[in-house]
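Quick note on labels: first sequence line is chain A, next is B, and so on, each numbered from 1.
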Number of protein chains: 2
Amino acid sequence: MNRIEVLKVVAHPVRIAILEKLSDGVKCVSDLEEFLEITQPNISQHLTALRHAGLIDFFIDGRLRCYFLKNPLIPDLLQILKKDYSEDLPGPECCPVTKKGTYPGERRR
Amino acid sequence: MNRIEVLKVVAHPVRIAILEKLSDGVKCVSDLEEFLEITQPNISQHLTALRHAGLIDFFIDGRLRCYFLKNPLIPDLLQILKKDYSEDLPGPECCPVTKKGTYPGERRR
DNA sequence: TAATAATATAATAATATTTGCATATATGAA
DNA sequence: TTCATATATGCAAATATTATTATATTATTA
């Protein structure tokens with residue numbers, strides 16, 4: 001699955017919450033039910049979406065499905081989402097207000 | 001803007017392409033028109049979305065609007081999206097196939 | 001083997017996102 | 001001024017995502 005599909009599937013509050021929980025270790029669906037305030041079928045749908053994107057997988061233990069993180073991009077992604085960025089990026093040198101630098105492209109009329 | 005909204009706005013092929021282009025430096029809308037194969041109003045719409053999410057900003061130079069990256073999360077995000085992860089995360093210890101470890105939650109009946 | 005627990009699937013309704021198109025605004029040039 | 005260029009905005013149509021509800025599947029227990 002390509003990176004845009006991955007971002008799309010991660011960009012949902014419930015799915016982020018699931019991925020964060022799975023970062024702590026294996027969880028079965030009923031573990032997730034305990035702290036997510038949505039219906040069980042909805043949890044299953046989100047798990048299916050995450051699995052189809054290759055982000056998680058599961059093994060079967062009796063009637064439990066034990067889900068775990070699979071895609072190594074996820075821990076990195078979750079980490080930068082938590083990271084605290086206090087400063088904006090430095091503005092460009094060519095700002096017409098400061099009169100510094102030149103705009104790096106061809107001008108039209 | 002919260003991190004989920006940020007992910008949502010980044011998770012679109014055109015907007016990723018714009019952000020990557022802006023990583024190289026300031027670009028005005030007509031620069032973007034040259035390599036994006038979509039209409040000008042549509043580009044403007046995506047730029048507006050990115051700006052409302054606090055990811056980019058612009059300065060005005062005559063009738064050009066020169067856009068640049070503003071949110072420091074973006075370079076980090078683009079970098080991990082490009083990063084090559086060849087291996088999946090190691091599977092859990094409690095896999096019933098390997099018979100190692102135990103499932104770390106309460107069992108139900 | 002019948003009942004129950006754990007989980008998934010299907011269908012639909014509600015909602016949000018995306019694009020396309022027409023038009024508006026603002027600046028600089030003639 | 002008037003015109004052209006650069007860019008934005010508004011709105012409707014098309015499309016995609018999400019949640020809900022009902023039902024199905026599978027494995028365990030009684």
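The side chain of A:His46 places no N or O atom within less than 4.0 Å of a non-bridging phosphate oxygen (OP1 or OP2) of D:dT17. Residue A:Thr48 has a polar side-chain atom (N or O) positioned under 4.0 Å from OP1 or OP2 of C:dT9.
Contacts of residues 7-19 of chain A with DNA chain D (heavy atom under 4.0 Å): A:Lys8, A:His12, A:Arg15.
Listed by first and then second residue, the ring-ring contact (aromatic ring centres under 6.0 Å, His included) pairs involving residues 9-50 of chain A are A:His12-A:His46 (not counting sequence neighbours). Within the structure, every pair that satisfies the salt bridge (Lys or Arg N to Asp or Glu O under 4.0 Å) test and touches residues 80-91 of chain A, not counting sequence neighbours, is listed here: A:Lys83-B:Asp76. Residues in residues 3-20 of chain A take part in these salt bridge (Lys or Arg N to Asp or Glu O under 4.0 Å) pairs, two or more places apart or across chains: A:Arg3-B:Glu20, A:Glu20-B:Arg3.
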* **Per-nucleotide pairing state of DNA chain D [Watson-Crick or G-U, under 3.5 Å; [ ] pseudoknot-crossing; | other strand]** => ||||||||||||||||||||||||||||||

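Remark: B:Gln40 pairs with B:Ser44 by the side chain to side chain donor-acceptor pair (under 3.5 Å) rule, at least two apart or across chains. The side chain to side chain contact (heavy atoms under 4.5 Å, CB included) search around A:Thr39 returns A:Pro41, A:Asn42, not counting sequence neighbours. A:Phe68 pairs by the ring-ring contact (aromatic ring centres under 6.0 Å, His included) definition with nothing, not counting sequence neighbours.
Within the 4.5 Å cutoff, the side chain of A:Lys70 has heavy atoms near those of the A:Asp57 side chain. The closest side-chain heavy-atom distance from A:Ile56 to A:Leu22 is below 4.5 Å. In this structure the side chain of B:Tyr67 never reaches within 4.5 angstrom of the side chain of B:Val26, judged on heavy atoms. Counting heavy atoms from C-beta outward, A:Pro92 and B:Phe59 have side chains that approach closer than 4.5 Å. Considering only heavy atoms from C-beta on, B:Leu19 comes within 4.5 Å of B:Leu50 through its side chain.
Between B:Arg65 atom CZ and C:dA26 atom P there is a gap of 10 Å when expressed in whole angstrom units. Spacing between atom NZ of A:Lys27 and atom C1' of C:dT7 amounts to 18 Å, rounded to whole angstrom units. What separates CG of A:Asp61 from P of C:dT7 is a distance of 10 Å, to the nearest Å. Here C:dT9 presents its C1' atom at 11 Å from NE2 of A:His52, a figure rounded to the nearest Å. With rounding to whole Å, A:Phe58 atom CZ is found 12 Å from D:dT26 atom C1'. Rounded to a whole Å, the CD atom of A:Glu34 is 11 Å from the P atom of C:dT7. To the nearest angstrom, P of C:dT7 lies 13 Å from CG of A:Leu36. If you measure from atom CZ of A:Arg63 to atom C1' of D:dA30, you get 12 Å, rounded to the nearest angstrom.
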* **Footprint string (nucleotides 20-25 of chain C, 5' to 3'): B base within contact, S backbone only, - free, heavy atoms under 4.0 Å** => BBB---

